[in-house]
Every structure is written in C-alpha cells, then in structure tokens.
Amino acid sequence: MSQISIKQKVQRIGVINTQAGNLFSLFACLKRIGFEPLMINQPQQLDTSISALLIPGQGRFGQVMSQLTSTGLDKVILEWTKADKPLLGICVGLQVLFESSAEDPGVSGLGIFKGRVERLNSPKQPMVGWSKINADNAFLDQQIVYFVNSYGVKTSDVTAATVNYGEQFVAAVNQGNIWAFQFHPEKSGPVGEEMMKQCLN
Amino acid sequence: MSELIGSNGLIPRVIVCLDVANGRVVKGVNFKGLMDMGDPVELALKYQEQGADEIVFLDIKATLENRANALETVTRVAKNLSIPFSVGGGLNSYQDVAQFLKAGADKVALNSAAVKTPELINQIAEGFGSQCLVVAIDVNKNDVDDYAVYIRGGHVKTDINAFDWFKEVEERGAGEILLTAMHRDGTGIGFDNELMSRVATERNIQVIASGGAANAQHFIDTYKAGSDAALAAGMFHRGEFRVGDVKQALSKQNILTR
C-alpha cells in the first residue's frame with residue numbers, strides 16, 4: 001500500500017472580527033460543517049485562499065460599524081460584494097448591509113442594500129426563540145430557525161424570506177452571492193448548518 | 001378548533017435540564033449522594049438529536065475551586081452543540097457572567113445573586129444584552145394565592161412576593177424567567193399552570209415553566225396556559241419519554257414544533 005493521502009481542499013471562510021462578543025459557537029459550527037474559519041482582523045489578511053466572507057451576529061449596529069470603519073474592513077467588504085463573491089451576514093451582520101439603524105441613529109451602515117433597520121414591535125422583547133420562516137426559495141421555506149433580536153428590517157427589495165412575530169419582517173436577504181440571515185443558523189440545529197453550507201459554497 | 005399555538009410567532013420550546021457537578025451530569029439520590037449520569041456533551045447531543053429546542057445546564061457545584069472545570073465543560077458543549085444552551089448555578093457577579101459567556105454559553109441563569117443584588121440584572125442586560133439573561137426564580141405556594149420566593153437552591157425563604165419579583169425582574173431587563181414551582185418539583189403531577197397562566201397574563205416577559213412534568217400532556221397543558229417554554233429533567237433522563245415523543249403529542253394538539 002502506498003502512503004499517498006489525497007488531501008481534499010477545505011474551503012477557507014474569512015470571519016470578520018467585529019470585536020463584539022465571542023465567536024466560539026460560530027467557529028465550531030463552521031468546522032463541524034467542513035469549513036476552515038479564519039479570523040479577519042485587518043484588510044491585509046484577506047488573500048486568494050479565502051473563498052467566502054462572513055459577518056458574525058454579535059454586538060450592536062454602531063459598535064460593529066465602528067469596528068469595520070476603523071480597521072478599513074468596510075471597504076474590503078464593499079469591494080468583495082461588488083465582485084459578487086460569496087458573503088454571509090448573520091443577525092447584526094445582516095443589519096449592517098443596510099443604510100442605517102434605529103439602534104444607533106446617525107451611524108451609517110455599509111449601504112449595500114437600501115433601507116433602515118427598525119426596532120421591532122415584538123410581543124415580548126427581545127425576540128428569543130424558534131420561528132418558522134416563509135420563502136419562495138425551497139431550502140428556506142417553512143424552516144424553523146432560531147432568532148435573537150430586537151431590531152430588524154421590515155421590508156426590502158432583496159428579501160429572500162420573511163418571519164412573523166407581532167409583525168412581519170425580513171428573515172433573509174439575497175442578491176447574487178450575498179446572503180444574510182436575521183436568525184442564527186449556527187444555533188438552528190442541522191437545518192441551520194445546511195443553510196450555512198449552501199450559502200458559503 | 002383552537003388556534004395553532006406557535007404558528008404566528010415563537011414556537012413553544014421543549015427544554016431539557018441537566019445538573020452538572022465536576023464536569024459530569026449528576027442526579028441527586030435521596031438528598032444524600034449524587035449518581036453519575038454521564039458526560040454533559042454526550043447527553044446534550046443525545047437530547048439535541050431527540051429534538052430538544054434548548055439545553056439548560058445547572059452547575060449545582062459551580063464553586064470557586066472547580067470554576068475552571070465548569071468553564072471547560074461549557075466550552076466543550078459550545079463546540080459540539082448546534083442549538084442554544086444556558087448555564088446557571090453559582091453565578092454571583094458580572095465577572096462570573098462574563099466568564100461563562102466568553103466560554104461559549106448562549107445565556108446565563110441567575111437566581112440567588114439576582115435577589116441579593118438586583119442591579120446585577122440591569123448591569124448584565126446593558127453589558128451583554130437582555131437576550132443572554134435568564135433569571136431563575138424558585139417559588140413555593142404558601143396558601144391559595146400567595147407565592148414566596150426562595151433562594152440558595154430552594155433552601156432559604158425570602159419575604160419577597162413572587163409577583164413583585166417577576167415585575168421587577170422584567171423591568172430591570174431580564175430576557176426570560178425560568179420559573180420553578182417548588183411545590184410541584186418531583187411530584188410528577190404537572191406544572192403549576194395557574195401560576196404560569198397568571199404570569200403570562202400579567203407580565204410581558206417569556207416564561208419557562210419548571211417543576212412537576214412527568215409526561216407529554218403536562219407540556220401541552222402548560223403551553224395552553226401561556227408558558228413560552230417548558231423544562232423537564234427526570235422524565236427524559238429516566239428514559240420514560242424521548243423529546244420526540246413530547247413533540248409528536250404537541251403536533252397532534254395543533255401546537256407547532258420543530
């Protein structure tokens with residue numbers, strides 16, 4: 001028997017370090033589903049080995065935006081999305097793709113998508129728990145996923161899925177290879193893991 | 001036909017509770033000893049596969065000397081679990097909470113510490129967000145309509161009225177209340193749904209019902225009474241019910257599950 005091992009190419013995911021909370025569960029989830037996560041602290045770290053970018057879902061709008069602008073990672077993300085390379089935003093990582101947020105008025109978002117993040121009229125604040133989403137897309141439609149949020153986008157021209165808790169709001173957006181979820185796929189069991197695989201591949 | 005519970009909002013959660021001591025899941029035996037039930041990660045994964053919506057770890061011995069051990073367990077769980085989990089028991093300060101969240105817990109549960117230092121609730125809500133803070137409240141029914149709050153694992157009675165405390169906890173910014181009816185704990189006669197229903201009506205915070213569950217019907221009853229989630233330990237650990245059995249029973253009653 002020869003000792004040749006065939007090394008399968010593992011896709012590297014650049015996880016934007018927003019310095020807001022631990023990224024432990026997210027990293028573990030990426031590894032579980034077969035990706036190699038790499039923490040991106042500054043623009044120089046982005047090389048051709050990275051196949052997709054991920055903006056994690058921890059922290060508040062203003063805090064995340066301030067981290068992105070001070071490191072210059074905001075420009076990196078804008079160039080990345082202009083080139084239509086794969087990007088996944090989670091929770092506040094969805095929200096910063098929009099223009100502004102009621103959570104931190106006066107702070108500009110990345111503005112990749114038109115619209116403003118609003119405070120949601122959830123029956124109980126914050127929204128914490130599992131909810132069923134509606135979508136035209138078969139891999140999202142009728143799935144039950146885990147939400148943790150007080151803010152959200154009410155309508156968007158790039159809506160891929162919606163959810164209803166007190167009122168309807170955007171559960172997922174999509175344009176080309178850009179995907180973003182208001183829910184936490186890394187906390188949504190096997191269903192969420194499958195969604196992450198689909199969007200990052 | 002009753003309305004489909006969970007169809008227009010959050011689905012009622014089935015939560016499995018695991019008591020942890022020195023890195024192992026344990027079960028108390030007649031207040032004397034602790035029986036080893038297994039590895040926390042293995043058991044949590046088992047319940048995740050059965051369909052649990054969330055796991056609560058109550059580190060019943062999170063004393064200072066084995067704190068490192070408890071944190072290591074939390075990190076191991078976070079690495080392996082793909083559903084949310086909470087940690088509680090022995091958390092006394094803002095620093096304790098920071099440590100456990102940093103180790104990978106999605107939520108922390110405060111009990112006695114919140115009673116002793118209510119400002120802690122505000123500080124944690126502001127520092128980390130209400131979503132990660134569960135306030136665990138142990139109550140015992142004195143007589144018909146009067147519930148007292150107990151602390152220190154149910155050993156010490158306070159002079160705090162339970163309904164005043166629910167209100168205060170909500171106003172200070174807790175995300176959820178884990179409400180254990182001590183007078184039902186271990187009885188197997190079902191949750192105290194009179195209590196749960198009153199909280200659901202009077203307060204605007206999610207309530208996890210705890211204490212008394214022994215079968216699927218008890219879950220159905222408490223969701224119908226207004227509980228947002230319900231927690232059980234023994235009925236699952238003893239293998240009498242799988243989480244999936246409870247979920248099947250819920251579906252038959254028009255209660256949405258995942």
Side-chain angles (χ1 to χ4, degrees), chain A residues 20-33 57-60 63 91-92 103 120-134 142-151 162-169 183-197, chain B residues 4 6-15 45 48-49 51-54 74-86 98-107 125-134 170 173-177 200 203-208 226 228-229 256-258:
Chain A
N22 82 79
L23 300 175
F24 210 89
S25 301
L26 182 66
F27 269 62
C29 174
L30 287 168
K31 286 178 194 162
R32 269 200 308 272
I33 58 176
Q58 301 246 15
R60 52 184 298 150
Q63 185 186 12
C91 197
V92 71
E103 187 174 21
L120 298 171
N121 297 313
S122 303
K124 291 179 183 178
Q125 290 274 7
M127 178 183 190
V128 180
W130 300 83
S131 214
K132 190 189 263 190
I133 60 173
N134 301 298
Q142 301 303 299
Q143 299 287 7
I144 296 176
V145 288
Y146 191 71
F147 285 83
V148 182
N149 56 280
S150 302
Y151 293 84
T162 60
V163 65
N164 215 319
Y165 182 50
E167 63 183 325
Q168 183 177 291
F169 64 95
F183 52 89
H184 285 263
E186 79 278 19
K187 285 286 159 191
S188 297
V191 161
E193 289 179 348
E194 193 49 45
M195 288 177 184
M196 283 183 80
K197 260 195 217 170
Chain B
L4 176 59
S7 67
N8 204 15
L10 296 171
I11 66 165
R13 286 168 284 156
V14 176
I15 301 177
L45 280 174
Q48 172 178 298
E49 273 157 33
D53 299 310
E54 194 167 325
V74 168
T75 297
R76 260 186 340 115
V77 171
K79 272 187 181 168
N80 287 282
L81 220 59
S82 61
I83 56 170
F85 71 99
S86 319
Q99 271 189 330
F100 277 90
L101 291 176
K102 197 179 169 210
D106 296 294
K107 306 175 194 174
E126 276 155 33
F128 306 104
S130 296
Q131 80 290 338
C132 73
L133 180 57
V134 179
E170 180 185 338
E176 292 169 74
I177 291 173
R203 303 263 47 97
N204 207 21
I205 181 170
Q206 289 206 57
V207 175
I208 305 164
D228 299 286
L256 189 64
T257 63
R258 55 180 277 275

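All heavy atoms count here, side chains included; hydrogens, waters and symmetry mates do not. Order of the sequence lines sets the chain letters (A, B, ...), proteins ahead of strands, with each chain counted from 1.
Evaluated for a side chain to side chain contact (heavy atoms under 4.5 Å, CB included) with A:Ile144, the options B:Asp53, B:Leu10, B:Ile11 yield exactly one hit, B:Ile11.
Contacts between B:Gln131 and chain A at a heavy-atom distance below 4.5 Å involve backbone atoms as well as side-chain atoms. Looking at A:Pro185, neither its backbone nor its side chain comes within 4.5 Å of chain B, counting heavy atoms on both sides. Proximity to chain A is limited to the side chain of B:Glu176, based on heavy atoms less than 4.5 angstrom apart. A:Glu186 touches chain B through its backbone: at least one of N, CA, C or O sits under 4.5 Å from a heavy atom, while the side chain does not.
Between B:Leu256 and A:Lys132, some side-chain heavy-atom pair lies under the 4.5 Å cut-off. Inter-residue side-chain proximity for A:Trp130 and B:Pro12 is flagged as unmet; no heavy-atom pair is nearer than 4.5 Å.
Atom-to-atom distance recorded for B:Lys79:NZ and A:Cys29:SG is 14.5 Å, nearest 0.5 angstrom. Taking OG of B:Ser82 as the start and CZ of A:Arg32 as the end, the distance is 5.5 Å to the nearest 0.5 Å. Here A:Ser25 contributes atom OG and B:Ile83 contributes atom CD1; the two are 11.5 Å apart, rounded to the nearest 0.5 Å. Between the CD atom in A:Gln125 and the CG atom in B:Asn204 there is a gap of 8.5 Å [rounded to 0.5 Å]. To the nearest 0.5 Å, atoms SG (B:Cys132) and CD (A:Gln58) are separated by 9.5 Å.
A donor-acceptor pair is defined here as one N or O able to donate and one able to accept, closer than 3.5 Å; such a pair exists between the side chain of B:Gln206 and the backbone of A:Val128. With hydrogens and angles ignored, the 3.5 Å screen pairs no side-chain donor or acceptor of B:Arg258 with any backbone N or O of A:Gln143. A donor-acceptor pair under 3.5 Å links the side-chain atoms of A:Ser131 to the main chain of B:Gly9, judged by distance alone.
Ranked by heavy-atom pairs under 4.5 Å with chain A, the first of B:Asp106, B:Thr257, B:Leu101 is B:Asp106.
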TODO: List the steps, then state whether side-chain contact (heavy atoms from CB on, under 4.5 Å) holds for B:Lys102 with A:Phe24.
DONE: CA-CA 8 Å; B:Lys102 197 179 169 210; A:Phe24 210 89; over 6 Å; no
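When all heavy atoms of B:Ala78 and A:Ala28 are compared, the pair lying nearest together is O-CB, 4.0 Å.
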